[in-house]
Amino acid sequence: MAAVRIPVDRDLSIDFARAFCLPIVVLLHALQMGIGGDPLRAFNALDGFEPLAWATWPLMIMPVFFICGGFASITQWRRLRGHGETVAHYVRIRAIRLAQPVVGVVAAVGAVLSVMFLAGVDTEFLRTFAVRLAEPLWFIPVYLICTAFVPMMSWLHRHAPWSAYLGLVGAVVVVDVLTRGFDVPVGALNWIFVWLFAQQLGFGLRDGWFARRSRLVLLAAAAGAYVVIGVLVTWFGYSHDMLDNLNPPTLAILALALGQACLFALAQPLIRRMMQWRPMLGAVFVFGVYGMVIYLWHTFAMAVVTALDLAFGLPFPPVLSPAWWATRPLWIAAIAVVIAGCCMIVPRVESRWPKPIDRRTPLAAVLLWSACAVAGVGVLLVLGYLPWQNGLLGWALVTVAVVALIVGGPGSRVQNTVTAPEVRSPASSTVARS
């Protein structure tokens, strides 16, 4: 492994957490891809699978991504602020890094679906399959929105931290009550409130709030968070499957985020010692460099492997049957091979994108184009890749937004500011080559 330079304001335990969580998410998505029936359809293979439902209590680790993202985001924002940069500059570079990779993967998935259509694959199967491929993209718009709030939430964290935490908790409670008690369709607001809360926990982790608590307090807080989940499930009708509570997020996910933040703080000293082991550092570095490729392009990999299965006439065993479980290692290995190829090719292709023009851009323009990128991914999530007009519209909105953010303006040109690549992906590492 090449020598690495570790910035003084970073914590390698954050990189470890991201790198550890990423394969779990990809593996779960691969197992959820169910293909079967007559006629052939795509669906969630693990829907109603009780062993997984209970396993999501320790394994549903999406809150960790947002906690670690909060840690990295406030670190980068403070660094840029110290260099005299503006909110607009911060949001602009973060939006580009999150939205730009979507352009390529959406085009690639669309190409595979087009080939399958031209080869005569059933259009209804393609529609259901395309819906499954689009679902993992939800992370991009939600994370983009949360990152746009970082400057404001950072100010609140400094001047009124408890008001920020309790305000977000109160907002989540209100949304859940309205949604679950009165059938008011406002549940989507918790995509913002819950993940902003998790991001805010990352701020507290960055400033040492958790480190200043005793192990007993952290254990008690984590246990209390899981007790809250148990109460919600037992007496308030929340699902015991955390994946159900994820879409949209509920108070159960908020409690899970608090519990995971406390448990992570407890494990940090051990993780930091582990990160002194060179092979561990190397593995985390690899996941950091290729994190966005792995997360986004595993959907392309599933499309390619499925297309090859259909081309060779391979059978699709009934989901959850012994034959299905027996073929999962091969399915996952094939996806991993395609992902490995993407890791070799995609970064080289993406490096040909033009660099952002060093021009001060009004915050209103940055927010407008960021919203355009969010809308583009939203089209894919709500309407799917198919029919082709939906996929083209979603791709076009994201592409236009990225190009506009890269061009920037209207505004005067400024001296280039070097920034750490802390948001390359949900599992990104900011370790830089020497």
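Along the sequence shown, the residues carry numbers beginning at 1.
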Near [X] [atom1], under 6.0 Å, is it more than 12 heavy atoms from other residues, nucleotides or ligands?
{"X": "W395", "atom1": "CH2", "value": "no"}
{"X": "R328", "atom1": "CZ", "value": "yes"}
{"X": "R348", "atom1": "CZ", "value": "no"}
{"X": "Y226", "atom1": "OH", "value": "yes"}
{"X": "M344", "atom1": "CE", "value": "no"}

Quiz item: Between R158 and F203, is NZ or CZ placed under 6.0 angstrom from the six-membered ring centre and within 45° of the ring axis?
Solution: no
Using a 6.0 Å distance limit plus a 45 degree cone around the ring axis, check whether R213 lies over the aromatic ring of W209. yes
For the backbone of [Y] and the side chain of [X], can you confirm whether one donor and one acceptor N or O come within less than 3.5 Å of each other?
{"X": "R127", "Y": "P387", "value": "no"}
{"X": "H298", "Y": "Y295", "value": "yes"}
{"X": "T56", "Y": "L59", "value": "no"}
{"X": "R92", "Y": "L405", "value": "yes"}
{"X": "Q199", "Y": "C146", "value": "yes"}
{"X": "T128", "Y": "A42", "value": "yes"}
{"X": "Q200", "Y": "L168", "value": "no"}
{"X": "R18", "Y": "G291", "value": "no"}
{"X": "T299", "Y": "L296", "value": "yes"}

Check: Are D11 and R272 close enough for a salt bridge, meaning some N to O gap below 4.0 Å?
Finding: yes
Note to self: Between D207 and R78 (salt bridge meaning N to carboxylate O under 4.0 Å), is one present in this structure?
What the structure shows: yes
Determine whether [X] and [Y] make a side-chain contact, defined as any pair of heavy atoms from C-beta on separated by less than 4.5 Å.
{"X": "L31", "Y": "I332", "answer": "yes"}
{"X": "T86", "Y": "L363", "answer": "no"}
{"X": "C262", "Y": "L266", "answer": "no"}
{"X": "L156", "Y": "S163", "answer": "no"}
{"X": "L46", "Y": "L28", "answer": "yes"}
{"X": "T306", "Y": "F129", "answer": "yes"}
{"X": "F236", "Y": "R180", "answer": "no"}
{"X": "V233", "Y": "S239", "answer": "no"}

Heavy-atom closest contact ([X] atom, [Y] atom, distance):
{"X": "G408", "Y": "T361", "answer": "CA-OG1, 3.3 Å"}
{"X": "L133", "Y": "P136", "answer": "O-CD, 3.4 Å"}
{"X": "M302", "Y": "A30", "answer": "SD-CA, 3.9 Å"}

When the ring planes of [X] and [Y] are compared, do they come out parallel, tilted or perpendicular, using 30° and 60° as the limits?
{"X": "Y165", "Y": "F197", "value": "perpendicular"}
{"X": "Y143", "Y": "F139", "value": "parallel"}
{"X": "F20", "Y": "F16", "value": "parallel"}

Apply the test side chain to side chain donor-acceptor pair (under 3.5 Å) to residues E50 and H240: give CA-CA distance (whole Å), side-chain angles for both, the deciding distance (0.1 Å), then the verdict.
CA-CA 9 Å; E50 282 301 303; H240 65 293; 2.8 Å; yes
Residues V403, V407; criterion side chain to side chain contact (heavy atoms under 4.5 Å, CB included); working and verdict: CA-CA 6 Å; V403 171; V407 172; 4.3 Å; yes
Between F264 and the options L205, I61, V64, the side-chain contact (heavy atoms from CB on, under 4.5 Å) test singles out L205
Result for side-chain contact (heavy atoms from CB on, under 4.5 Å) between T250 and one of I229, V194, L232, N245 points to N245
Subject >> Derivation of the side chain to side chain donor-acceptor pair (under 3.5 Å) call for D176 and Y238 >> reply: CA-CA 10 Å; D176 273 14; Y238 285 69; 2.6 Å; yes
field: Residues R94, S73; criterion side chain to side chain donor-acceptor pair (under 3.5 Å); working and verdict
entry: CA-CA 9 Å; R94 298 292 292 254; S73 296; 2.6 Å; yes
task = Give the C-alpha distance, both sets of side-chain angles, the deciding distance and a yes or no for side chain to side chain contact (heavy atoms under 4.5 Å, CB included) between V402 and W369.
result = CA-CA 8 Å; V402 171; W369 293 118; over 6 Å; no
In this structure, CG of L381 is separated from CD1 of I140 (nearest 0.5 Å) by 10.0 Å
